[in-house]
Amino acid sequence: LRHNALVKAEEGIVCMCEERARMLQDQFAVSVNHVHALAILVATFHYEKQPPALDQDTFADYTARTSFERPLLSGVAYAQRVMHADRETFERQQGWIIKTMKHEPSPAQDEYAPVIYSQETVSYIEGLDMMSGEEDRENILRSRATGKAVLTRPFRLMSNHLGVVLTFPVYLVDLPPDAKVEDRVAATAGYLGGAFDVESLVENLLRQLAGNQELVVNVYDVTNRSNPLVMYGSEVPLGAPSPSHTCTLDFGDPFRNHHMICRYRSKP
Ligand code: WA2
């Protein structure tokens, strides 16, 4: 009997964990797909029209009205690539100066990635050089070198919530899939991205599921197997061993690996 109860508990946790992993992965994938479409929107209306047929008001309106398409993103924005030689002209045209993510005037850099369009929910990054933050900068460099969607490791976003940033590159010209890195970098116009507010939006998602009370869910970035990074959930060490289940998650960036671990809150 005791054995049976344990088997039942283990089967239950497998089902509940797989349900949650599938749900999270699906909501992540639809959000990434929609950001991809926004990157194409910027390429089409900002760069392929002369003069640009896009401005902050239009971007803010469109992204607010389509936010239901990006259930796990707290907001999206477009950062333009600005080379140092073009900084003065850019700042004069915009009427503001490029600031760092610490809200100081940006010191001289080879290049910058100031946010020119933003969803209102993340309006606090407007005018900030996204290359001034380590995680954002690494994302920008990796996205433009690969032409693909990339994710940061989990870190504290400017909202102060734990999450990850998603970045898509926007190019000035159409590039073949096998384009060389230097050609990709040379053709880079800017970066369309958004913040996955994992801490609050995944909490919301899980709260809606049956069995939420009894289950402890953790998500880790396990890219470096020997140093798993918490992406969701608490890091508290476990007491007595209880049944647990691990599911692999695919968030679409082959450079990163993630998994979910589910346990019962108290021994069943
Ligand atoms: N967006 C919102 N909150 C953040 C953040 C971010 N990055 N970084 C830290 N907190 C415009 O990759 C380009 C968005 C960066 C895109």
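In each ligand, atom 1 is the first atom listed, and ligand 1 is the first ligand listed. Index from 1, following the sequence. This one's a predicted model, so the numbers in the text were calculated from it and none came from an experiment.
Every side-chain contact (heavy atoms from CB on, under 4.5 Å) that S31 has, sequence neighbours left out, goes to R70, P71, L72, L73, F196.
Residue contacts with ligand 1, taken as heavy atom pairs separated by less than 4.0 Å, involve M130 solely via side-chain atoms from C-beta onward.
Within the 4.5 Å cutoff, side-chain heavy atoms of V42 are placed close to those of L54.
For atom 14 (C) of ligand 1, the closest non-hydrogen atom of the protein is D136 OD1, 3.7 Å. With respect to atom 2 (C) of ligand 1, the closest heavy atom belonging to the protein is A195 CB, 3.5 Å. Of the protein's heavy atoms, M158 N, 4.0 Å lies nearest to atom 4 (C) of ligand 1.
For the atom pair CG (D129) and NZ (K99), the distance works out to 10.5 Å, reported to the nearest 0.5 Å. To the nearest 0.5 Å, atom OG1 of residue T63 and atom CD of residue E69 are 12.5 Å apart.
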Residues 159-169, side-chain donor-acceptor partners within the protein, below 3.5 Å, at least two apart:
residue : atom : partner : partner atom : Å
S159    : OG   : H161    : N            : 3.3
H161    : ND1  : D197    : OD1          : 3.3
H161    : ND1  : D197    : OD2          : 2.8
T167    : OG1  : N139    : ND2          : 2.9

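Within the listing of ligand 1, atoms 11 (C) sit less than 4.0 angstrom from a heavy atom of A77. Residue contact check: T167 has heavy atoms under 4.0 Å from atoms 12 (O) of ligand 1.
In summary, of the residues considered (R87, R144, R137), a salt bridge (charged side-chain N to carboxylate O under 4.0 Å, His left out) with E111 occurs for R144 alone.
The distance criterion of under 3.5 Å between nitrogen or oxygen atoms is not met by Y191 with respect to ligand 1.
Under the 4.0 angstrom criterion for non-hydrogen atoms, I125 is in contact with ligand 1.
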